[in-house]
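Position 1 is the first residue of the sequence, and the numbers go up from there.
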Amino acid sequence: MTLKWLGVLALAGLVLVSFWGCTRTPGQAEDPVPRETTPVVDENSTVNQNAALDPRLIEAQNRFGFQLLTQLQPQAPTENLVISPLSISMALSMTQSGAAGDTLGAMQKTLNLEGMEVAAVNNAIATQIAALEAADSSSQLTLANSLWARDGGISLNPEFVQAAESSYQAEARVLDFNNPSALKTINDWVSKATAGKISSILDQINSNDVLFLINAVYFKGAWETPFEPEMTTEEPFSLPDGTSANRALMSRSGDFFYTETGDFQAVRLPYGNGRLGMVVLLPKAGKTATVQSQLTADTWKQWNQQLSKRPGTLKLPKFKLEYSSDLNDPLAALGMEIAFDPERADFGRLSEAQTFISEVKHKTFIEVNEAGTEAAGSTSVGISVTSMPIEPPQPFEMVVNRPFFLVIEDQVSSSILFLGWVMNPTP
């Protein structure tokens with residue numbers, strides 16, 4: 001009998017887009033969600049696991065993620081900051097299905113989707129959802145979307161609801177927002193979609209709230225090669241304020257996909273079948289600001305391509321963190337200001353009523369540790385090569401004992417699920 005420990009990463013990302021209505025359309029239907037148009041998803045068209053992912057969508061989402069990170073970083077430069085570009089861009093792409101005129105143009109520019117028709121974006125996202133959820137049967141990755149409309153509020157256009165339900169597999173619901181149970185109903189959906197990692201997204205429902213669009217991304221995976229719990233030790237971790245504190249560092253030796261420059265070390269840790277993985281980038285001492293100034297979607301792609309197999313030893317903190325942010329100002333700074341303007345916003349494809357985005361909220365949860373599945377005994381993983389190269393690469397040592405950058409990604413499509421900075425890896 002043997003004992004095998006699996007390193008487990010649990011992540012959850014959540015985005016809420018809240019709409020306020022400025023006026024009420026005369027003679028509108030009592031039910032704001034037109035049920036008669038609710039479609040059956042056509043797996044031969046919009047949802048096809050075997051279809052190729054559109055590289056334009058992936059590039060746009062990743063570029064948007066790094067641009068948003070640049071906007072958020074100065075707000076709290078010494079605090080943990082981890083976002084889900086996939087979750088945020090998906091929620092906003094669903095929202096842009098209801099935008100028109102200059103508002104649509106501004107959202108397309110902000111999301112780097114200029115040149116892609118709305119229908120093409122929706123079809124590409126439908127394919128992306130199917131492909132990512134089927135990426136690794138040994139890991140759990142789910143993407144969920146929902147629409148929550150005020151009973152007696154604005155009447156949603158059938159085409160908008162159909163796009164949300166078919167391409168985004170969104171659950172469309174009508175609620176009496178004046179009933180206290182509505183708040184619990186929405187937050188219960190959030191908790192279920194994130195396996196309880198994010199218990200709520202709403203603190204209250206305002207009288208002007210007419211529609212909520214919510215996206216949730218949840219991922220839980222086991223390391224392809226586990227960390228052994230007995231190798232975890234308490235070691236000093238340098239904090240951004242110049243002090244240090246003991247943190248639990250997991251340790252493993254073997255072959256890794258690794259690269260190093262004069263500014264940083266980077267290593268990739270795969271999960272399950274190897275398609276999904278986490279890349280940890282550790283700036284060298286005194287180089288954090290330099291790396292932050294260089295981080296873009298283009299440089300990340302370049303650095304990621306430099307990873308190659310090399311023996312070494314890695315020490316990585318185990319940690320748990322939560323992050324929450326209002327995204328109105330950062331999104332406005334990226335070009336979406338018109339969407340938040342009650343006078344200028346044009347969501348004519350969402351509803352005939354005058355509406356605007358009142359709030360975009362984002363929450364994430366991440367936990368990295370070496371806990372996992374027990375079978376019996378103890379297993380150590382040894383890695384060997386069948387033939388030794390003439391000039392073997394020298395073993396490296398990477399001790400993640402200061403602030404670091406991480407990305408959770410799908411190696412096949414290059415979709416980034418999560419990215420951000422861990423400044424203080426508290427347990």
Side-chain angles (χ1 to χ4, degrees), residues 5-13 69 72-73 75-84 194 197-198 218-223 225-253 256 258 263-271 276-289 291-292 295 300 312-325 362-372 396-409 416-427:
W5 291 87
L6 298 178
V8 175
L9 174 80
L11 304 112
L69 185 71
L72 292 169
Q73 190 79 45
Q75 296 181 5
T78 63
E79 297 180 7
N80 296 325
L81 167 58
V82 177
I83 63 173
S84 173
T194 61
K197 298 304 180 183
I198 299 177
Y218 175 74
F219 171 69
K220 183 176 182 179
W223 304 118
T225 302
F227 290 90
E228 297 293 341
E230 59 268 23
M231 299 296 292
T232 299
T233 57
E234 293 284 330
E235 298 189 25
F237 186 95
S238 298
L239 301 174
D241 63 3
T243 64
S244 66
N246 283 345
R247 295 290 181 259
L249 265 61
M250 307 179 294
S251 180
R252 182 167 73 81
S253 297
F256 299 85
Y258 173 85
D263 293 329
F264 64 83
Q265 295 174 279
V267 66
R268 185 178 192 272
L269 301 171
Y271 298 100
L276 301 172
M278 177 171 70
V279 178
V280 176
L281 187 150
L282 177 68
K284 293 188 175 179
K287 295 290 187 176
T288 297
V291 171
Q292 288 176 336
L295 263 179
W300 176 255
T313 299
L314 171 68
K315 290 188 176 183
L316 177 68
K318 54 187 295 186
F319 63 92
K320 181 191 298 185
L321 67 87
E322 297 180 45
Y323 175 77
S324 176
S325 179
H362 184 46
K363 287 187 176 184
T364 55
F365 169 93
I366 177 171
E367 180 176 6
V368 176
N369 58 41
E370 73 285 78
F396 69 88
E397 182 179 35
M398 182 172 169
V399 181
V400 185
N401 59 1
R402 53 187 176 273
F404 59 96
F405 181 74
L406 65 81
V407 169
I408 311 298
E409 63 179 358
I416 294 177
L417 279 66
F418 294 82
L419 61 80
W421 286 90
V422 180
M423 297 296 186
N424 185 2
T426 54

Working for side-chain contact (heavy atoms from CB on, under 4.5 Å), residues V407 and W300: CA-CA 10 Å; V407 169; W300 176 255; 3.4 Å; yes

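- Between F404 and L281, every side-chain heavy-atom pair lies at or beyond the 4.5 Å cut-off.
- Taking Y258 as the reference, F396 meet the ring-ring contact (aromatic ring centres under 6.0 Å, His included) condition, with sequence neighbours excluded.
- Take E79 and apply the salt bridge (Lys or Arg N to Asp or Glu O under 4.0 Å) test, not counting sequence neighbours, and it matches no residue.
- With a 4.5 Å cut-off on side-chain heavy atoms, L406 and V368 do not count as touching.
- In this structure the side chain of L249 never reaches within 4.5 angstrom of the side chain of L316, judged on heavy atoms.
- With sequence neighbours excluded, the residues forming a ring-ring contact (aromatic ring centres under 6.0 Å, His included) with F264 are W303, listed by chain and number.
- P77 pairs by the side-chain contact (heavy atoms from CB on, under 4.5 Å) definition with nothing, not counting sequence neighbours.
- Applying the side chain to side chain donor-acceptor pair (under 3.5 Å) rule to N424 yields the partners R247; only residues at least two apart in sequence or on another chain are considered.
- Ring geometry for W223 against Y271 counts as parallel: the plane angle stays under 30°, on a 0 to 90° scale with 60° as the upper cut.
- Atom OG in S325 sits 8.0 Å away from atom CG in L81 (nearest 0.5 Å).
- Taking 4.5 Å as the limit, every side-chain heavy atom of M278 sits out of range of all side-chain heavy atoms of E409.
- By the side chain to side chain donor-acceptor pair (under 3.5 Å) test, K320 is found to be paired with no residue, residues two or more places apart in sequence or in another chain being considered.
- In terms of modelled atom types and a separation under 3.5 Å, the side chain of H362 and the main chain of Y323 share no donor-acceptor contact.
- A search for side chain to side chain donor-acceptor pair (under 3.5 Å) contacts involving S324 returns nothing, not counting sequence neighbours.
- Contacts classified as side-chain hydrogen bond (donor to acceptor under 3.5 Å, both in side chains) and involving residues 236-246 (residues at least two apart or in different chains) are given here: D241-T243.
- The side chain to side chain donor-acceptor pair (under 3.5 Å) search around T313 returns S253, not counting sequence neighbours.
- Between P425 and F237 there is a side-chain heavy-atom pair separated by less than 4.5 Å.
- The side-chain contact (heavy atoms from CB on, under 4.5 Å) search around Q292 returns Q73, T288, W421, M423, not counting sequence neighbours.
- Residues K284 and D263 fail the side-chain proximity criterion, which asks for heavy atoms closer than 4.5 Å.
- Side-chain atoms of T364 come within 3.5 Å of backbone N or O of V82 as a donor-acceptor pair.
- A salt bridge links K315 with E235: at least one charged nitrogen is closer than 4.0 Å to a carboxylate oxygen.
- A 4.5 Å side-chain heavy-atom check between L72 and L69 finds every atom pair outside the cut-off.
- Taking all atoms of both residues into account, the shortest heavy-atom contact from P403 to P240 is CG-CG, 4.1 Å.
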Derivation of the side-chain contact (heavy atoms from CB on, under 4.5 Å) call for I366 and F418: CA-CA 9 Å; I366 177 171; F418 294 82; 6.0 Å; no

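- L314 places a side-chain heavy atom less than 4.5 Å from the side chain of V400.
- Residues satisfying the side-chain contact (heavy atoms from CB on, under 4.5 Å) criterion with T232, sequence neighbours excluded, are A248, M250, K318, E370.
- L321 CG to N80 CG: the interatomic distance, rounded to the nearest 0.5 Å, is 5.0 Å.
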Worked verdict on M398 versus L282 for side-chain contact (heavy atoms from CB on, under 4.5 Å): CA-CA 8 Å; M398 182 172 169; L282 177 68; 3.8 Å; yes

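- Taken to the nearest 0.5 Å, the CG atom of L269 stands 6.5 Å off from the CZ atom of F256.
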Step-by-step side-chain contact (heavy atoms from CB on, under 4.5 Å) determination, V267 to V279: CA-CA 6 Å; V267 66; V279 178; over 6 Å; no

